[in-house]
J.: 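Sharing a structure with you now.
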Amino acid sequence: MAMSFRKELRDIIQYRNAYFLAFSATTGYVCFGWEIGLIGGVLVLPSFQEYFGLLSESASARASLSANIVSVLQAGGFFGALLSTYFGSRFGRKPALLASGVIYLIGSIIQSTAGIGTSPAVGLKIFYFSRFLGGMGVGLMSALVPTYVSECAPRAIRGRCTGSIEVAVGLGNMLAFWVNYSVSLNISLGQMQWRLPIIAQIIPGALLLFFMLFQPESPRWLVEHGQYEDAAAALAYIARKDQDDDAVVLTLSEIRADFVGKHRLPLLTQFRKMGESKIIFLRCTIPSLATFFQQWSGTNAINYYTPQIFAGLGFSSTSSALFATGIYGVVKFVVTCITLAFVIESWGRKRTLIYGGLSQGLMMLWIGGYAGAHPNQGIVPGTYVSIVAVYLFGVSFCLGWGFTPFILGSEVAPGHLRMAVMSLATATTWLFTYIIAQITPIMLNRITYGTYLVFGVASLIMVVWVYIFIPETTGYPLEDIKYLFEKDIIVRSLEDAPGGRIFLGKRRAVSVDELKAVDALPTSSPKDISEELKSRSEEESAQGQSLRNSNSQKRENPRII
């Protein structure tokens, strides 16, 4: 234990520049988390409802208006994510991130002043516009940050660095939840009660702009645009080594080799090349599928409508519902930090998705079953169990589907198409976040407990998809991940799954080392290659090497990222 702690401490010291880079970029996701955690609490504040005339509306009209206020942010995020491909590829990841911060700040300032000097009806329209504009800024951030961090992070800590996205989201959620609770208790009924939480969200946007000023551009973007000296300097900064260090030289040469013939592809060409082969198409669709499934876990339904959900479980007062919501935010944030520190690199991407998906699905099914059995919303012992189940859902989500889809997506996407692929994946996130935000209040109003059952079944479907079709990517350099999809994808996926070898018998996937050997022997005949692979296989068998040992050797490769 002590040795492990000392090793972790050495890694933190060695990679402190990379950790600070990840921290700086993922401040953008604090903005994202604040936005999605903020509005649910603001909507239930009496001051907000009174200011915009919601108290005189029917329950169905209020539900529809709430859905519109929440989902207009997602509409802006969808278009922002799509635009990220052009801006991130044309101007660079860093300038595009800075621009996203400026757009977010402008949207937040307008949002916090909506209705001043105008009628409530006009103020509501301004509120809609400002949330759309802020959503565009957050949408740009949400697509750019995973790409930027994954392209810069050393592969030894890439999971942690990219996974810090969810820590940032959890931090933003938690702060927004508690700000909402604080104003409900300490600010008297009036405009400032609902404006203050919106004003506070300006802080993370300003921090993003400040911190990103000190960070380098993505080395892979620099290589793609022929700026090799700057790329070497960026790599040296990230790894805290000299530019002529062997690890820097090797990493730069392999990134350059991966971009041969793929430099500065036009935007439409990038999208066309997603279908140039079955393997490329598969790698390009996995990120979008992962984020699609993530949204159907029900997490954003809880993020946006937690106060209403807790009210449905028996919390009648606004302050008690907001307090329970604040506790939910703390639980998610703490578990995310623990998972990021101790789980993501040791368990890998696949196991976190499987275990997290199973747990969150079971929690949703319990909540749905309880809500169906106790429709009168009275407080009984099962009420407290269901509240704990909501918290355990947050724990389970943070364990797997909270941030692993972003890590997995940024890893499997082909390097020359990564920006376009991740923009589509993020646009998918925003599109279905929009859909979930629209339909959740309607579902809670019409099918009540069936809402949770839908999300629970969806989580179990996600687990099956990951178990059968997704290989483990932990520990591989980004340029080597293509080999995981070259041959025997389902066999390799089952090999990597818990207990998956039971279904395979004696079948085994061709190892990555063997597939790389094929690339290293382009002039050999098929017979020569076959004999070489057989010889390598026999040698590994004689030495008693397992797949995990192979992964361990792979991590000792001097490549930086």
Side-chain angles (χ1 to χ4, degrees), residues 27-49 51-52 54 65-77 104-115 124 126-139 141-142 168-187 191-208 299-310 318-319 321-330 332-333 394 430 433-434 436-437 440-441:
T27 305
Y29 266 80
V30 177
C31 304
F32 176 84
W34 200 302
E35 279 279 18
I36 64 177
L38 164 84
I39 195 63
V42 170
L43 287 174
V44 300
L45 289 174
S47 57
F48 182 86
Q49 296 182 14
Y51 188 85
F52 289 108
L54 304 184
L65 192 60
S66 295
N68 291 335
I69 291 173
V70 169
S71 58
V72 71
L73 178 84
Q74 279 67 51
Y104 170 81
L105 285 176
I106 294 172
S108 297
I109 292 170
I110 297 174
Q111 194 177 155
S112 63
T113 58
L124 188 59
I126 295 173
F127 196 74
Y128 278 135
F129 167 76
S130 59
R131 279 186 61 77
F132 180 85
L133 185 63
M136 287 192 67
V138 174
M141 293 176 195
S142 62
V169 174
L171 178 61
N173 277 169
M174 181 181 68
L175 293 175
F177 290 157
W178 284 108
V179 168
N180 287 339
Y181 175 66
S182 298
V183 298
S184 72
L185 287 182
N186 302 311
I187 305 296
Q191 294 185 34
M192 286 307 296
Q193 188 184 57
W194 65 266
R195 290 189 193 276
L196 191 59
I198 300 173
I199 294 171
Q201 73 179 1
I202 294 173
I203 297 172
L207 291 176
L208 171 70
T299 181
N300 279 326
I302 291 183
N303 283 337
Y304 289 128
Y305 301 108
T306 310
Q308 294 93 319
I309 290 170
F310 279 125
T318 299
S319 60
L322 288 175
F323 178 77
T325 303
I327 296 296
Y328 177 74
V330 172
K332 284 186 65 178
F333 177 70
W430 284 104
T433 303
Y434 173 84
I436 295 297
T440 295

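Just so we're clear, the structure is a prediction, and the values are computed from it rather than from any experiment. Every heavy atom of this structure was used, including side-chain atoms; hydrogens, water molecules and symmetry mates were not.
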J.: Just to verify, what does L124 make a side-chain contact (heavy atoms from CB on, under 4.5 Å) with, not counting sequence neighbours?
T.: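 Partners of L124 under the side-chain contact (heavy atoms from CB on, under 4.5 Å) test: F52, L65, I69, Y128.
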J.: Are any of the side-chain heavy atoms of L73 and I39 separated by less than 4.5 Å?
T.: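 They are not in side-chain contact.
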J.: If you define the side chain from C-beta out and look only at heavy atoms, does anything of L43 sit under 4.5 Å from F48?
T.: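 They are in side-chain contact.
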J.: Between F32 and Y29, how do the two ring planes meet: parallel, tilted or perpendicular, split at 30° and 60°?
T.: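 Tilted, since the angle between the ring planes falls between 30° and 60°.
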J.: Please enumerate all residues that pass side-chain contact (heavy atoms from CB on, under 4.5 Å) together with I109, with sequence neighbours excluded.
T.: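 I109: side-chain contact (heavy atoms from CB on, under 4.5 Å) contacts with I202.
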J.: So which heavy atom on V44 is nearest to which on Q49, and how close?
T.: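 So the minimum-distance heavy-atom pair works out to CA-NE2, 3.5 Å.
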J.: Quick one: closest heavy-atom pair of S130 and G107, and the distance?
T.: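 Heavy atoms of S130 and G107 come nearest at CB-O, 3.5 Å.
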J.: Closest heavy-atom contact between L208 and G28?
T.: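 Scanning both residues completely, I find the closest heavy atoms to be CD1-N, 3.7 Å.
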J.: From I198 CD1 over to W34 CH2, what is the distance, rounded to the nearest 0.5 angstrom?
T.: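 Going from the CD1 atom of I198 to the CH2 atom of W34 covers 11.5 Å.
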J.: Find the distance between CD (E35) and CD (Q111) and round it off to the nearest 0.5 Å.
T.: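 It comes to 5.5 Å.
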J.: Going by the rule side chain to side chain donor-acceptor pair (under 3.5 Å), which residues pair with Y51 if we only count those two or more places apart in sequence or in a different chain?
T.: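 Partners of Y51 under the side chain to side chain donor-acceptor pair (under 3.5 Å) test: R195.
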J.: Test of understanding: with side-chain contact (heavy atoms from CB on, under 4.5 Å), list the residues that count as partners of I203, not counting sequence neighbours.
T.: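 Partners of I203 by the side-chain contact (heavy atoms from CB on, under 4.5 Å) criterion, ordered by chain and then number, come out as L207.
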J.: Working to the nearest 0.5 angstrom, can you tell me the gap between L45 CG and I187 CD1?
T.: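 So the gap between those two atoms works out to 11.0 Å.
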J.: I want to check something: taking the side chain as every heavy atom from C-beta on, are V179 and L196 in contact at a cut-off of under 4.5 Å?
T.: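 Counting from C-beta outward, V179 and L196 never come under 4.5 Å.
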J.: In the structure I gave you, are the side-chain heavy atoms of M192 and I199 within less than 4.5 Å of one another anywhere?
T.: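 They are in side-chain contact.
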J.: With rounding to the nearest 0.5 Å, note down the distance linking OG in S71 to CD1 in I436.
T.: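 With rounding to 0.5 Å, OG (S71) is 11.5 Å from CD1 (I436).
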J.: Sequence neighbours excluded, which residues qualify as side-chain contact (heavy atoms from CB on, under 4.5 Å) partners of L171?
T.: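 Counting only residues at least two positions away or on another chain, L171 forms a side-chain contact (heavy atoms from CB on, under 4.5 Å) with V30, M174, L175, F333.
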J.: Could you measure the distance from the OG1 atom of T113 to the CD atom of Q191? Nearest 0.5 Å is fine.
T.: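 If I round to the nearest 0.5 Å, the distance is 11.0 Å.
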J.: How close do N180 and V183 get, heavy atom to heavy atom, and via which atoms?
T.: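 Looking at all heavy atoms of both residues, the shortest contact is O-CG2, 3.1 Å.
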J.: Residues in side chain to side chain donor-acceptor pair (under 3.5 Å) with S112, at least two apart?
T.: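 Counting only residues at least two positions away or on another chain, S112 forms no side chain to side chain donor-acceptor pair (under 3.5 Å).
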J.: Measuring only between side-chain heavy atoms, which start at C-beta, is V72 closer than 4.5 Å to F127?
T.: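 They are not in side-chain contact.
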J.: To check you understand the geometry: which heavy-atom pair defines the closest contact between P46 and Q193, and what is its length?
T.: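 In this case the closest contact between P46 and Q193 is CD-OE1, 4.4 Å.
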J.: Looking at every heavy atom in both A200 and P204, which two are closest together, and how far apart are they?
T.: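 Smallest interatomic distance, heavy atoms only, reads O-CD, 3.7 Å.
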